[in-house]
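Below: the structure, in structure tokens.
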Amino acid sequence: MTVLIIGGSGFLGAELLRQACAAGWDVAATFHSRPGDPALAAWHQLDIRDPARVEAVLKTVAPCAVIDVTSAGAEWKVTADGSVHIALAAAELGIRLVHVSSDAVFSGSRVHYDETCDPDPITPYGAAKAAAETAVRLLSPDAAVARTSLIVGNGRSDHERLAHALIAGTRQGALFTDDVRCPVHVEDLAAALWELTRSDAAGLFHLAGPDALSRYELGVHIARRDGLDVSRLPAGRRADTGVPGPLDVRLDSRATQRRLSTRLRGALEFLEVDCEAITSCGKPASTGRGTSRTPSSGPPGSRR
């Protein structure tokens with residue numbers, strides 16, 4: 001049984017593929033402009049703005065499930081309309097759908113958000129993600145919609161690269177001290193998504209870590225892990241810049257965590273673990289907690 005990962009060439013998609021390959025599962029993946037590693041999956045070019053092409057790819061692959069990890073920021077035709085096209089095709093073909101959303105659907109007015117909270121976006125990106133959520137839940141009532149936060153992992157994320165660039169002076173800007181989120185490790189997030197995919201679970205799920213950090217605090221921990229000069233990391237306040245966006249959005253993932261066997265580590269834990277792994281000369285650090293996540297046994301098409 002094959003699982004199709006739409007957006008497989010991105011950061012999260014690549015980790016989903018890595019875990020599937022390690023587990024020996026049959027996967028296919030889509031790309032927009034450039035395919036990923038051919039050893040990990042069969043690749044299919046896809047522009048999700050084209051509903052006919054979306055349906056054609058799903059019919060060709062004939063997957064038992066689709067994991068949609070695509071995003072194009074505030075570009076409505078991709079982030080919102082594209083998700084509608086995927087949900088519609090999946091529903092028509094009877095394919096299970098797991099849709100990845102974002103904490104950007106919230107304004108930050110109440111700070112703490114669990115799965116029962118309604119979206120109240122204040123940015124174009126948040127509005128597009130909220131619209132996508134609504135469409136997915138309407139068109140595919142059996143789908144799982146998973147909201148997440150800042151995704152970090154092993155030096156490859158945008159947040160880690162930004163911290164390095166700011167310290168090196170190759171990029172201008174600052175990390176906000178008043179912009180708070182609950183970061184999640186890409187390995188934990190991917191493992192949780194595989195667990196949802198293999199289940200019959202439907203509805204809204206929150207997949208974020210338990211530690212709330214400002215973007216600046218996250219950058220500091222990344223810099224310390226990587227042995228960089230923290231004093232060179234520029235700080236600022238979003239509230240002083242006029243840059244639109246929610247300030248303090250903390251996804252409460254406790255209800256989802258009780259339903260999953262995958263543990264979502266907090267940033268303070270996984271950055272420490274990563275640091276220990278780096279300083280052990282390439283050998284896995286003996287922390288008792290582990291630095292990698294592998295989905296629990298069982299084929300992607302099995303249900304619990």
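Excluded from the calculations below are hydrogen atoms, water molecules and symmetry mates; all remaining heavy atoms, backbone and side chain alike, are included.
For Ser33, there are no side-chain hydrogen bond (donor to acceptor under 3.5 Å, both in side chains) partners two or more places apart in sequence or in a different chain. For Phe205, there are no ring-ring contact (aromatic ring centres under 6.0 Å, His included) partners two or more places apart in sequence or in a different chain. Every side chain to side chain contact (heavy atoms under 4.5 Å, CB included) that Gln257 has, sequence neighbours left out, goes to Leu260, Arg263, Leu264. Listed by chain and number, the residues in a side-chain hydrogen bond (donor to acceptor under 3.5 Å, both in side chains) with Arg147 are Glu133, His206 (sequence neighbours excluded). Scored by the salt bridge (charged side-chain N to carboxylate O under 4.0 Å, His left out) test, Asp240 finds Arg237 as partners (sequence neighbours excluded). Here Trp43 pairs with nothing under the side-chain hydrogen bond (donor to acceptor under 3.5 Å, both in side chains) rule; sequence neighbours left out. With sequence neighbours left out, the side-chain hydrogen bond (donor to acceptor under 3.5 Å, both in side chains) criterion links Asp158 to no other residue.
Applying the salt bridge (Lys or Arg N to Asp or Glu O under 4.0 Å) definition to pairs two or more places apart or across chains, those involving residues 174-186 are Asp103-Arg181, Asp179-Arg181, Asp179-Arg215, Asp179-Arg238. Applying the salt bridge (Lys or Arg N to Asp or Glu O under 4.0 Å) test to every pair with at least one member in residues 56-66, sequence neighbours left out, gives these pairs: Glu55-Lys59. Under the salt bridge (Lys or Arg N to Asp or Glu O under 4.0 Å) criterion, the residue pairs touching residues 70-93 are Arg49-Glu75, with sequence neighbours excluded.
Residues Asn154 and Arg225 approach most closely at N-NH1, 4.3 Å, considering heavy atoms. The minimum heavy-atom distance between Leu97 and Ser140, with the atom names listed, is CD2-OG, 4.3 Å. Of all the heavy atoms in Glu160 and Arg156, the pair that sits closest is OE1-N, 3.5 Å.
For the pair Leu88/Pro51, no side-chain contact is recorded, criterion being any heavy-atom separation below 4.5 Å from C-beta on. Side-chain contact check for Leu17 versus Asp37: every heavy-atom pair is 4.5 Å or farther apart.
More than 12 heavy-atom neighbours from other residues, nucleotides or ligands sit within 6.0 angstrom of CZ on Arg53.
Distance alone, capped at 3.5 Å, places no donor-acceptor pair between the Thr79 side chain and the Lys129 backbone. Of the possible polar contacts, one joining the Thr148 side chain to the Leu207 backbone as a donor-acceptor pair under 3.5 Å is found. A distance-only check finds no donor-acceptor pair linking the side chain of His159 to the backbone of Val152 [under 3.5 Å]. The backbone N or O of Val27 sits nowhere less than 3.5 Å from a side-chain atom of Thr2 that would complete a donor-acceptor pair. Without hydrogens or angle criteria, Glu115 side chain to Thr256 main chain gives a donor-acceptor distance under 3.5 Å.
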Name each donor-acceptor pair under 3.5 Å that joins a side chain in residues 163-176 to protein atoms two or more places apart or in another chain, with its distance.
unit_1	atom_1	unit_2	atom_2	d
His164	NE2	Asp226	OD2	2.6
Thr170	OG1	Ala165	O	3.3

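Summarising the hydrophobic clusters (Ile, Leu, Val, Met, Phe, Trp, Tyr; side-chain heavy atoms under 4.5 Å, direct or chained), the residues clustered with Ile122 are none.
Taking the six-membered ring for Trp and thresholds of 30 and 60 degrees, Trp25 and Trp194 have ring planes more than 60 degrees apart, a perpendicular arrangement.
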